[in-house]
Visitor: 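Got a structure for you, questions after.
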Amino acid sequence: MEKFFKLSKNGTNVKTEIIGGVTTFFAMAYIIFVNPDLLSSTGMDFQSVMVATCIASALGCFLTGLIANVPFAQAPGMGLNAFFSFTVAGAMGYTWQQALTIVLISGLLFLAITVSPLRKAIIVSIPADLKNAISTGIGLFIAFIGLNNAGIIHIFEGFTDMGDITHGSGLLAVIGILITGVLMAWNVKGAIFIGIVSATIIGLPLQVTKIPESFVIVPQINTIFQFDFGGLMSLGVLPLVTAIITFLIVDMFDTVGTLIGTASNAGMIDEDGNMRNGDKALIADAIATCAGACLGTSTVTTYVESTTGVSAGARTGLSSCVTGALFLVALVLAPVAGIVPSAATAPAMIIVGVLMMKGVSKINWNDIETAIPCFLTVAMMPFAYSIADGIGFGFISYAIIKLFRRKGKEVPVLIYILSALFIATYILTFLH
């Protein structure tokens with residue numbers, strides 16, 4: 001493991017990587033239950049989707065760990081699974097078999113981009129200030145998810161309000177934040193993981209942590225290779241193009257944003273602003289999306305919750321492999337993974353949000369031409385509940401402001417192309 005994962009070279013060891021992998025798994029284990037719950041609304045079998053979710057997540061983690069040797073985990077993306085269920089296989093009128101086919105096509109397109117020179121050009125073209133804004137925005141986004149999951153804040157009818165923190169999930173999350181915060185202040189290794197375990201135990205008397213009646217399930221799956229290429233044109237060209245482009249854009253920029261943001265925060269970016277093995281991480285993500293569609297789940301993407309493992313010290317692909325192994329264990333022990341309540345993992349996400357805020361200090365706020373796009377990038381991620389939308393608003397505003405300031409030559413050509421692609425995606429989505 002030392003030789004393959006280059007542990008010493010990356011300033012880590014087996015114990016730290018295992019802790020990081022376990023921490024990441026428990027921070028994202030909710031997807032094992034949330035994803036099948038969403039996709040089953042399309043008529044898909046709940047347990048089959050659960051099995052597909054575990055296998056696709058494990059495969060994605062192994063690909064990232066073994067191909068790219070970076071500590072990022074993969075699973076079916078939140079937001080993308082909702083788009084799959086309620087828009088593509090819902091409002092648009094596609095069957096779930098056709099929706100899986102669309103996911104496969106978008107994954108193949110993503111793979112084509114990642115193995116072409118365009119992939120490197122996309123990452124290099126992002127200005128340094130916008131990269132820092134992406135990192136900061138992801139921090140706020142993951143903290144917002146944590147606050148909402150814990151019940152510390154409450155979302156209703158498009159508004160947010162203070163939740164109940166005097167008992168139940170809200171109280172447990174506050175206790176977890178304090179425990180993790182104190183441990184981190186004392187520089188205790190594995191503070192985030194210890195915080196999750198402590199909160200889970202404290203949740204028992206608070207009746208937030210639930211002990212399942214059964215600890216084992218018998219895996220079954222009937223969604224493998226359930227594609228329907230013949231019916232894709234049944235609704236016309238525009239809906240099909242809209243769905244494919246949306247899946248592609250969101251997956252690509254969720255992944256790019258997560259990789260850049262997390263790597264920047266962890267000091268894994270070189271002097272040129274490039275991430276170690278970032279190209280291989282994107283390839284792993286694209287392959288996982290194709291494999292996930294074959295198994296029977298929506299788009300697989302790199303998870304922002306990986307930041308919890310990175311913050312716990314993970315620096316190599318060994319951490320990702322540990323997370324992947326736990327997803328395989330969850331195939332039969334899914335109820336065990338469900339013991340850890342979201343209120344116990346939420347503090348980790350909130351603390352990670354704190355750590356990722358340091359990127360905001362590297363942004364040149366005195367230059368309004370930069371400040372506005374960076375602010376929109378940071379703000380739109382939590383407010384629009386989408387990393388991709390934050391990147392889209394940042395790119396579009398950056399390109400337009402520079403253009404009207406007669407500084408259009410300062411903007412990389414690819415930023416213009418990507419901005420136009422984002423605009424086209426928004427238009428196609430809202431026109432439909």
Side-chain angles (χ1 to χ4, degrees), residues 28 30-63 74-112 217-252 254-255 284-303 324 327-328 330-332 334 432:
M28 60 188 290
Y30 65 85
I31 196 63
I32 297 172
F33 308 99
V34 174
N35 195 54
D37 184 56
L38 286 171
L39 268 59
S40 62
S41 66
T42 68
M44 301 179 75
D45 177 65
F46 184 95
Q47 190 174 95
S48 293
V49 177
M50 179 183 287
V51 172
T53 298
C54 290
I55 297 176
S57 300
L59 181 60
C61 292
F62 289 138
L63 286 169
Q74 295 191 55
M78 290 296 295
L80 286 162
N81 51 14
F83 180 70
F84 178 101
S85 302
F86 304 125
T87 302
V88 179
M92 284 186 171
Y94 289 105
T95 64
W96 62 264
Q97 292 90 343
Q98 292 164 351
L100 285 176
T101 309
I102 293 172
V103 171
L104 176 65
I105 294 172
S106 69
L108 292 172
L109 288 175
F110 188 16
L111 181 59
I217 62 172
V218 179
Q220 65 176 32
I221 183 170
N222 59 19
T223 54
I224 297 178
F225 295 114
Q226 293 295 307
F227 297 124
D228 179 11
F229 288 93
L232 288 182
M233 295 300 295
S234 60
L235 301 177
V237 176
L238 181 59
L240 179 61
V241 172
T242 300
I244 292 174
I245 290 179
T246 301
F247 276 128
L248 173 63
I249 289 294
V250 175
D251 185 18
M252 182 166 62
D254 267 3
T255 300
D285 188 291
I287 294 174
T289 289
C290 297
C294 292
L295 288 166
T297 185
S298 54
T299 304
V300 176
T301 189
T302 302
Y303 254 56
F327 270 113
L328 290 182
L331 276 172
V332 293
H432 183 77

Visitor: Mark yes or no for whether Ser85, through its side chain, and Leu38, through its backbone, hold a donor-acceptor pair below 3.5 Å.
Guide: yes

Visitor: Are side-chain heavy atoms of Ile102 and Phe84 found at a separation under 4.5 Å?
Guide: no

Visitor: Among Thr299, Thr289, Leu109, Leu104, which residue satisfies the side chain to side chain contact (heavy atoms under 4.5 Å, CB included) criterion with Phe247?
Guide: Thr299

Visitor: Going by heavy atoms in the side chains, are Ser298 and Leu39 under 4.5 Å from each other?
Guide: yes

Visitor: Quick one: does Phe327's side chain get under 4.5 Å of Ile31's, heavy atoms only?
Guide: yes

Visitor: Within the structure provided, determine whether Val332 and Pro219 are in side-chain contact (heavy-atom separation under 4.5 Å).
Guide: yes

Visitor: Do Leu328 and Phe62 make a side-chain contact, defined as non-hydrogen atoms from C-beta onward lying under 4.5 Å apart?
Guide: yes

Visitor: Tyr94 versus Pro239: any side-chain heavy-atom pair under 4.5 Å?
Guide: yes

Visitor: Would you compute the distance between atom CE of Met50 and atom CD1 of Ile221 and round it to the nearest 0.5 angstrom?
Guide: 12.0 Å

Visitor: What distance do Leu232 atom CG and Leu240 atom CG have between them, rounded to the nearest 0.5 Å?
Guide: 5.5 Å

Visitor: With rounding to the nearest 0.5 angstrom, report the SG to CG distance, Cys54 to Leu295.
Guide: 11.0 Å

Visitor: Any side-chain heavy atom of Thr301 sitting closer than 4.5 Å to one from Asp285?
Guide: yes

Visitor: Quick one: CD on Gln98 to CG on Leu235, what's the gap to the nearest 0.5 Å?
Guide: 7.0 Å

Visitor: Does a sphere of radius 6.0 Å around CZ in Phe86 hold more than 12 heavy atoms from other residues, nucleotides or ligands, not counting ones at 6.0 Å or beyond?
Guide: yes

Visitor: Which distance, rounded to the nearest 0.5 Å, do you find between the CD of Gln47 and the OG1 of Thr223?
Guide: 11.0 Å

Visitor: Determine whether a donor-acceptor pair (N or O, by modelled atom type, separation under 3.5 Å) exists between the side chain of Thr297 and the backbone of Thr53.
Guide: no

Visitor: Kindly give the heavy-atom pair with the smallest separation between Ala58 and Gly324, and that separation in Å.
Guide: CB-O, 3.3 Å

Visitor: Scan side-chain atoms only and decide if Thr101 and Asp228 contain a donor-acceptor pair under the 3.5 Å cut-off.
Guide: no

Visitor: Show the nearest heavy-atom pair for residues Gln74 and Ala288, with the distance to one decimal.
Guide: OE1-CB, 3.3 Å

Visitor: Could you pull out the closest heavy-atom pair between Met28 and Ala75, with the gap in Å?
Guide: CE-CB, 3.5 Å

Visitor: About how many Å separate CD1 of Ile287 and CZ of Phe110, when rounded to the nearest 0.5 Å?
Guide: 11.0 Å

Visitor: Which atoms form the tightest heavy-atom contact between Ser234 and Gly231, and what is the distance?
Guide: OG-O, 2.7 Å

Visitor: Can you name the nearest heavy-atom pair linking Gly292 to Ala56, along with the distance?
Guide: CA-CB, 3.9 Å

